[in-house]
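So that the names make sense, note that chain A is the first sequence line, chain B the second, and so on, each numbered from 1.
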Amino acid sequence: EAQVTQNPRYLITVTGKKLTVTCSQNMNHEYMSWYRQDPGLGLRQIYYSMNVEVTDKGDVPEGYKVSRKEKRNFPLILESPSPNQTSLYFCASSGGLAGFNEQFFGPGTRLTVL
Amino acid sequence: AQKVTQAQTEISVVEKEDVTLDCVYETRDTTYYLFWYKQPPSGELVFLIRRNSFDEQNEISGRYSWNFQKSTSSFNFTITASQVVDSAVYFCALSGGMEYGNKLVFGAGTILRVKS
């Protein structure tokens, strides 16, 4: 089944404790992206990657890191989480780099930083 | 800059009523793409429709229909004869292509509550 998976789905952590949210897709997609969803703000892009070893900042990259060592994986790293990073996070992938390509979203990771 | 506005924060209707969700967008590009996504209470994002800027034809899919009007920069979504299962958050989104990092710019979302 074609899908984007994320782990963990739920995470409660404390300020400053490094964490990684994994994202994997099995569709051989070139494009992958991370978004965060906050009430009243919709979804905002954090980072994106157009191919292996190619990553770039989205609209809200502060406090996050990513890597793209393999085509299928695009982990999101929070080196020192803070309470303002409490949010719902979505990973997405797309088979093309043009704007008309549908982006497939993972199930979401709900992160709480205490 | 690109921007999407969904002015309706929350709408409540009674089952079988028709409901229209508004979406207004801003972009300076001549080529762009518009999307609608549904987020049911379970939290996942479900793709509903994609429209490119050169195709102003309205679209109907079952009880769903979309009205795209470039003259007013709007891409409204109508649900006919709403059902309880339509209760969800609906997002309108805009994509401008590679120069924007293939980014989807989302509106704030509209919460739709359909009561039986």
- Item | Under 4.5 Å from any heavy atom of chain B - which part of A/Leu41 | backbone
- Task: Write down the atom of B/Ala108, the atom of A/Gly40, and the distance for their closest heavy-atom approach.
- Result: CB-O, 3.3 Å
- Query: Which residue, A/Tyr35, A/Phe90, A/Phe104, forms the side chain to side chain contact (heavy atoms under 4.5 Å, CB included) with B/Leu45?
  - Reply: A/Phe90
- Task: Find out if a path of hydrophobic residues (ILVMFWY) with successive side-chain heavy-atom gaps under 4.5 Å connects B/Ile49 to B/Leu112.
- Result: yes
- Item | Heavy-atom neighbours of A/Lys17 NZ exceed 12 at 6.0 Å | no
- Query: Same cluster for A/Tyr89 and A/Phe105 if Ile/Leu/Val/Met/Phe/Trp/Tyr side chains link at under 4.5 Å?
  - Reply: no
- Query: Can B/Leu34 be reached from B/Tyr64 by stepping across I, L, V, M, F, W or Y side chains whose heavy atoms are under 4.5 Å apart?
  - Reply: yes
- Item | Separation of B/Arg50 CZ from A/Gln103 CD (nearest 0.5 Å) | 11.0 Å
- Query: So which part of A/Asp59 gets closer than 4.5 Å to some heavy atom of chain B, the side chain, the backbone, both or neither?
  - Reply: side chain
- Query: Quick one: what part of B/Gln6 sits under 4.5 Å from any heavy atom of chain A, side chain, backbone, both or neither?
  - Reply: neither
- Report yes if the side chains of A/Leu43 and B/Gln39 come closer than 4.5 Å at any heavy-atom pair, otherwise no. no
- Contact part of B/Tyr37 toward chain A, heavy-atom cut-off under 4.5 Å: side chain, backbone, both or neither? side chain
- Task: Measure across A/Glu102 and B/Phe35 and return the closest heavy-atom pair with its distance rounded to 0.1 Å.
- Result: CA-CE2, 4.4 Å
- Message: Is it true that, when you exclude B/Gln57 itself, more than 12 heavy atoms of the residues, nucleotides or ligands shown sit nearer than 6.0 Å to its CD?
- Response: no
- Take atom CD1 in A/Ile77; do more than 12 heavy atoms of anything else shown fall under 6.0 Å from it? yes
- Message: I'd like to know if A/Tyr47 and A/Leu88 are part of one continuous hydrophobic network [Ile/Leu/Val/Met/Phe/Trp/Tyr, side-chain heavy atoms within less than 4.5 Å].
- Response: no
